[in-house]
Amino acid sequence: MSKPELLIGAGVQNTVRALYSQEVDSKLIQLQKTRKEFVGDITLVVFPLVKISKKSPEQTAAEMGAWLKDTIPEVSDFNVVKGFLNISLSSNYWKLLLMNARMNPFFGTINKNENARTVVIEYSSPNTNKPLHLGHIRNNLLGFSLAKILKANGHKVVMVNLVNDRGIHICKSMLAWQKWGNQTTPIKAGKKGDHLVGDFYVMFDKEYKKEIAELVAGGMTKEIAEKEAPLIKEAQELLRKWEANDADTVGLWKNMNGWVYEGFDVTYKTMGVIFDKIYYESETYLSGKEIVQKGLTDNIFFRKEDGSIWIDLTSDGLDQKLLLRGDGTSVYMTQDIGTANLRYADYKMDEMIYVVGNEQNYHFQVLKLIMQKLGYKWADLLYHMSYGMVELPEGKMKSREGTVVDADDLMHEMIDTSRQMSVELGKLDGYSDVEKENIYRIIGLGALKYFILKVDPKKNMTFDPKESIDFNGNTGPFIQYTHARIRSLLLKAAEQGITTSNGFNAKVAVNQCERELLITIQDFATAVIDAGTNFNPGAIANYTYELVKVYNQFYQENQILKHEDKDIVLFRLCVSEMVANVIRSAMDMLGIEVPERM
RNA sequence: GGUCUAGUAGCUCAGGGGAUAGAGCAACAGCCUUCUAAGCUGUGGGUCGCUGGUUCGAUUCCAGCCUGGAUCACCA
């Protein structure tokens, strides 16, 4: 039982062979869903074929249509509009397709992929000096969803997080805590650990600015003041102590990072993302040096007089890039080379995907080139999943101006709103408080996740906190709602003794509305592959919305349970059930739960 | 300045060589004694940034220009 495109595609090839005695390049066979305003299920664009037929588009379409109808039993009818051949497929074909889909537990996904790759996806990658914000939400959702989509495409996926746990930033928080913290802890302060540490980071920044202002008032230039302020010198001293493995400093560092991790865990859990492995920069930052040294002896890199090590990428249209400082300490690129190498040792992956914001496009372009020159076989499949910034209606988020949208706050706000709306609608009466809260959570987070994932990752997007909490139209809750309604329908049917488990009577005729639904269901597989090849979860989101819209029209126009013909009731229930199943798989790939009722 | 990226309805976004370019929001008009109205139907709203090129056909591909964003550190 093959999909419409495969069935007709093969048919067209045979037809061309029979009518014009030629082989046709499959690129010339352009099939698309028939537009609503025309009759048919699938449409062949015949313009590319007129070169072969040497006849007018209309003539070509007409004779090909006739031939297809004669030779393919599944083709029930056809019509020609200009250069478009609209083909109708038989009721029987659609019913068989539905039966097949129902039987296949892996419907729409690739269970066994002969070209399966082991893919490592790095995402999230937070700093430990402040809580996660809206930008991280986009990162986490994209990374997690991409992992699910690639798994659905039959690949082996390893999700990793690289925590930037060392450096001057965390020292700033540590210093502020030492100076003004009064030995506080998350428990004493009654605050999530990441937020508490973030507060100290802000505190440092405030005091640091104050010092700079004083120095500038005393006649110093701003540039010098930024370097000479006592606070920054103290922070740098703390970093030196850390690198020298000073017991007190390392102890405090471990302590404060521990608070942050506890906080992150809560955020990740709420968001619903997980990792197979967490790398810490403090454990990997030295390992890149070795590789750089080796690259130097292999003449891939070169050394300048001051001892610093570089790579010359001018022949690739890029610049020279620093890999190791003159004093032998590592830079960002050194670390990423090292981390990549460790990962390869751990997973022997075929492909490495970095989910990182587009401000680092250049960095990853360079990293890929370097890894290629170093001879890593997966370097060609190093992919930077670059995503655009999330902006607010007022413009960019700026921590300085306090316009950063905190991840925890936002998620709670979404859940609060869904609770409010749910209570207003009063549909969950009879559920326990625990059950209700769970549904509010699922809906609120569904709205947020869907809102962010439906947008093409590479584009910058605007996030309006007020308008985004909209549960109508192209939103997560709209999709969840349709699913809940189908579940309720099936439940009602079961109460009446109608059960879909045995399938449906093969005699029913499939009407136009149902055909449209069935062909849309079939497109799920295409959407999954598309999302996987273009690294775009939005393809899944938009597909699901499309399906739900088609279903809602069907639902509105057809009495399902009330129809007097029991065979038709059963058939429509089976179609509905399939829609619900597809919605569930699709939403699962977006990391969005679907409640049974809402 | 170099490189990358985007520009589609008032707003937020889909689409991506093919038919009359689509949704949602916002505005207006209908539909709940009938399987969940978080729904459905209808109306209005467009020079797909501009100019050329390729093509039977370009909003889509290519080039140039205009506008916005990112980046070009011994920061990460």
Side-chain angles (χ1 to χ4, degrees), chain A residues 30 32 34-35 37-38 43 45-48 50-51 57 81-84 86 125 127 164 166-169 281 285 304 306-310 317-319 321-336 357-363 365-366 386 388-389 391 393 396 418 421-422 424-425 427 443 447 451 454-456 458-464 467-468 470-482 484-493 496 538-539 541-543 545-546 548-549 552-563 569 572-573 576 597-598:
Chain A
Q30 293 180 24
Q32 51 190 251
T34 303
R35 294 204 171 194
E37 56 267 39
F38 303 105
T43 295
V45 184
V46 298
F47 292 104
V50 297
K51 272 183 212 144
V81 180
K82 292 191 229 172
F84 298 91
N86 301 322
S125 310
N127 288 355
N164 182 12
R166 62 164 289 275
I168 192 77
H169 55 86
E281 233 171 63
Y285 82 109
K304 288 193 177 177
D306 62 0
S308 56
I309 299 175
W310 298 70
L318 303 173
D319 303 320
K321 186 79 187 173
L322 177 81
L323 299 177
L324 209 58
R325 292 191 187 104
D327 64 4
T329 57
S330 57
V331 291
Y332 184 34
M333 190 60 78
T334 329
Q335 294 169 22
D336 264 358
N358 63 10
E359 71 272 15
Q360 293 193 28
N361 284 353
Y362 182 73
H363 173 81
Q365 201 184 343
V366 172
S386 163
M389 309 182 78
E391 288 168 20
K396 291 178 194 166
S418 95
M421 298 193 61
S422 231
E424 231 168 80
L425 291 167
K427 292 185 181 184
I443 297 170
F451 186 87
K454 73 176 176 186
V455 181
D456 185 341
K458 66 174 178 285
K459 288 186 180 173
N460 288 357
M461 64 178 292
T462 305
F463 185 88
D464 187 335
E467 291 192 20
S468 70
D470 186 349
F471 295 169
N472 300 310
N474 188 359
T475 65
F478 172 58
I479 292 164
Q480 290 168 324
Y481 174 66
T482 302
R485 210 160 48 176
I486 295 173
R487 298 307 299 171
S488 151
L489 196 63
L490 293 168
L491 212 65
K492 279 233 159 72
Q496 296 175 23
N542 288 310
Y543 162 78
Y545 178 59
E546 194 57 41
V548 163
K549 267 184 49 165
N552 272 325
Q553 279 163 22
F554 163 79
Y555 180 90
Q556 201 77 21
E557 286 170 25
N558 295 286
Q559 291 288 316
I560 297 174
L561 281 181
K562 299 288 163 67
H563 201 283
V569 171
R572 288 182 179 168
L573 281 175
S576 299
R597 188 178 160 182
M598 63 185 276

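Note on naming: letters A, B, ... go to the chains in the order of the sequence lines (proteins, then strands), and numbering restarts at 1 for each one.
- Closest contact between the side chain of A:Met389 and the listed nucleotides B:rC40, B:rA76, B:rA70 involves B:rA70.
- Side-chain atoms of A:Arg597 never come within 3.5 Å of backbone atoms of A:Ala484 as a donor-acceptor pair (strictly under, hydrogens ignored).
- Both key distances under 3.5 Å define a Watson-Crick or G-U pair, and stretches of 3 or more such consecutive pairs in RNA chain B run B:1-7 with B:66-72, B:10-13 with B:22-25, B:27-31 with B:39-43, B:49-53 with B:61-65.
- With ring centers used as reference points, A:Phe38 lies 6.0 Å or more from A:Phe84.
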Worksheet, complete the sentence: Protein heavy-atom contacts under 4.0 Å, written 5' to 3' over nucleotides 10-19 of chain B as B (base), S (sugar-phosphate only) or - (none), form the string --SSS---BB
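- Side-chain contact check for A:Arg35 and A:Asn86: no donor-acceptor pair (N or O, by modelled atom type) lies under 3.5 Å.
- Listed nucleotides B:rA70, B:rU36, B:rA76 differ in distance to A:Tyr555; the shortest reach to its side chain belongs to B:rU36.
- Legend: residues meeting side-chain hydrogen bond (donor to acceptor under 3.5 Å, both in side chains) with A:Tyr332, ordered by chain and number and at least two apart, are A:Gln360.
- For A:Tyr481, there are no ring pair (Phe, Tyr, Trp, His ring centres under 6.0 Å) partners two or more places apart in sequence or in a different chain.
- For B:rC66, the base adopts the anti conformation, since its glycosidic angle falls more than 90 degrees from zero.
- Across B:rA76, B:rU36, B:rG69, the shortest atom-to-atom separation from the side chain of A:Tyr481 is found for B:rU36.
- At whole-Å resolution of the value, CD in A:Gln360 and P in B:rC75 are 15 Å apart.
- Considering only the side chain of A:Lys549, B:rA23 comes nearest among B:rA76, B:rC35, B:rA23.
- Partners of A:Ser386 by side-chain hydrogen bond (donor to acceptor under 3.5 Å, both in side chains), not counting sequence neighbours, listed by chain and number: A:Asn361.
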Listing time: all N or O pairs from protein to nucleotides 28-34 of chain B that are below 3.5 Å?
from: B:rU34; atom 1: O2'; to: A:Lys562; atom 2: NZ; distance (Å): 3.0

